[in-house]
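Note on naming: letters A, B, ... go to the chains in the order of the sequence lines (proteins, then strands), and numbering restarts at 1 for each one. Since the model is a prediction, treat every value here as computed from it, not as a measurement. Note that these values count all heavy atoms, side chains included, but never hydrogens, waters or copies made by symmetry.
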Amino acid sequence: MNGFDIHSVIAILRQEVRQWQSPAVTIVSQREGDPFKVLISCILSLRTQDTTTSPASERLFALATTPDTMMLLSKDEIEAAIYPVGFYRNKAGQIIDICRQLVADYDGKVPEEIDQLLMFKGVGRKTANLVVTLGYGKPGICVDTHVHRICNRWGYIATRTPDETEKVLRQCLPSEYWLGINDLLVTFGQNLCRPLSPYCSRCRIAVSCKKLGVSSFR
DNA sequence: AAAACGGGGGC
DNA sequence: GCCCCAGTTTT
């Protein structure tokens, strides 16, 4: 990597982030401390934009906010509430299944361990880590596509899959950065380092960026 | 009109 | 590893 070490980059981003709006982080922050809401929000957000997920989750949580009450909703009710998130039919079924499983096997409480969370259908490493960090405030590294893209763009690491990125970050990233790294990079990713046409001319770490796979810059 | 977008499951 | 999943947004 040229130019900045990771401490410098994080320090710079922390300064920059203060002046930006961050819709996704706001949605996520609203769920903070409620592992069940974090979990359900994550399911809804799979392969769908956050601007779509947010109102859908509001509609669903208006109907039920706990596994025992949510499992009583009909599939149609849930589908109607969460439309038009992607895969809304599958997700409605998954949500009911997860609620039933939580009530039957975990006394209605979302488990705190990654390995237990991964047993649920529809829960992968991103979701599991988000529940652990955001829901329970425990150490973890949540790698979504923002984190994956940005880490690879600016050259800190070179990985092919988000799971691999998480593994590398667990080895290389000082633990004091773990809890905040997702919020920080997602905010950066939405405001400047966007997937398409990022605002590289305004980016203070662009000098050490590989700009992978990006065709248009401003 | 066509490509890009975002996680996980199943094989 | 590779392909599929649905609906919205960007080019």
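Each of Arg160(A) and Asn90(A) was assigned the nucleotide of DNA chain C with the nearest heavy atom; the assignment lying further toward the 5' end belongs to Arg160(A). Along DNA chain B, the nucleotide nearest to Phe120(A) and the one nearest to Gly86(A) differ in position, and the one closer to the 5' end is contacted by Gly86(A). Two residues, Val123(A) and His146(A), neighbour DNA chain B, and the one matched to the more 5' nucleotide by heavy-atom proximity is His146(A).
For dG1(C) and dG6(B), the P atoms lie 23 Å apart once the distance is rounded to whole Å.
Nucleotide dG10(B) holds its C1' atom 13 Å from the CD atom of Gln94(A), rounded to whole Å. Rounded to an integer number of Å, the gap from CD of Glu79(A) to P of dA6(C) is 13 Å. Here dG6(B) presents its C1' atom at 12 Å from CD of Gln190(A), a figure rounded to the nearest Å. Atom CZ of Arg89(A) is separated from atom P of dG8(B) by 21 Å (rounded to the nearest Å). If you take CE of Met119(A) and C1' of dG8(B), they are 16 Å apart, rounded to a whole angstrom. Here the C1' atom of nucleotide dA6(C) and the CD1 atom of Ile43(A) are 16 Å apart, to the nearest Å. The distance between atom NZ of Lys91(A) and atom C1' of dG8(B), rounded to the nearest whole Å, is 11 Å. Per the geometry, CD1 belonging to Ile98(A) stands 11 Å off P belonging to dG8(B), to the nearest Å.
Looking only at atom types and distance, the side chain of Ser8(A) has a donor-acceptor partner in the side chain of Asp5(A) under 3.5 Å away. Ser57(A) and Ser41(A) share no side-chain donor-acceptor pair at under 3.5 Å. Between the side chains of Asp68(A) and Thr66(A), at least one donor N or O lies within less than 3.5 Å of an accepting N or O. One side chain, Asn152(A) or Thr159(A), offers a donor N or O that lies under 3.5 Å from an acceptor on the other.
Close to dG6(B), at under 4.0 Å from its OP1 or OP2, lies a side-chain N or O of Arg149(A). Between Tyr88(A) and the phosphate of dA6(C), there is no side-chain N or O to OP1/OP2 separation shorter than 4.0 Å. Between Thr48(A) and dA6(C), a side-chain N or O to OP1/OP2 separation shorter than 4.0 Å is absent.
Secondary-structure annotation of DNA chain B gives the stems B:1-5 with C:7-11, B:7-11 with C:1-5, with a stem taken as at least 3 successive Watson-Crick or G-U pairs whose two distances both fall under 3.5 Å.
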Close N/O contacts between protein and nucleotides 8-11 of chain C (under 3.5 Å):
from	atom 1	to	atom 2	distance (Å)
dT11(C)	OP1	Ser197(A)	OG	2.8

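In this structure, Tyr106(A) is a member of the same hydrophobic cluster as Ile96(A), with clusters built from ILVMFWY side-chain heavy atoms closer than 4.5 Å. Taking hydrophobic clusters as Ile, Leu, Val, Met, Phe, Trp and Tyr residues chained together by side-chain heavy-atom distances below 4.5 Å, Ile157(A) shares a cluster with Phe188(A).
The six-membered or imidazole ring of His7(A) lies near that of Tyr177(A), with a centre-to-centre distance under 6.0 Å.
Side-chain contact between Leu60(A) and Leu73(A) is present, with heavy atoms from C-beta onward closer than 4.5 Å. Put simply, the side chain of Ile150(A) does not reach to within 4.5 Å of the side chain of Tyr156(A), judged on heavy atoms.
Classification of Arg59(A) and Glu79(A) as a salt-bridged pair fails, no side-chain N sitting under 4.0 Å from a carboxylate O.
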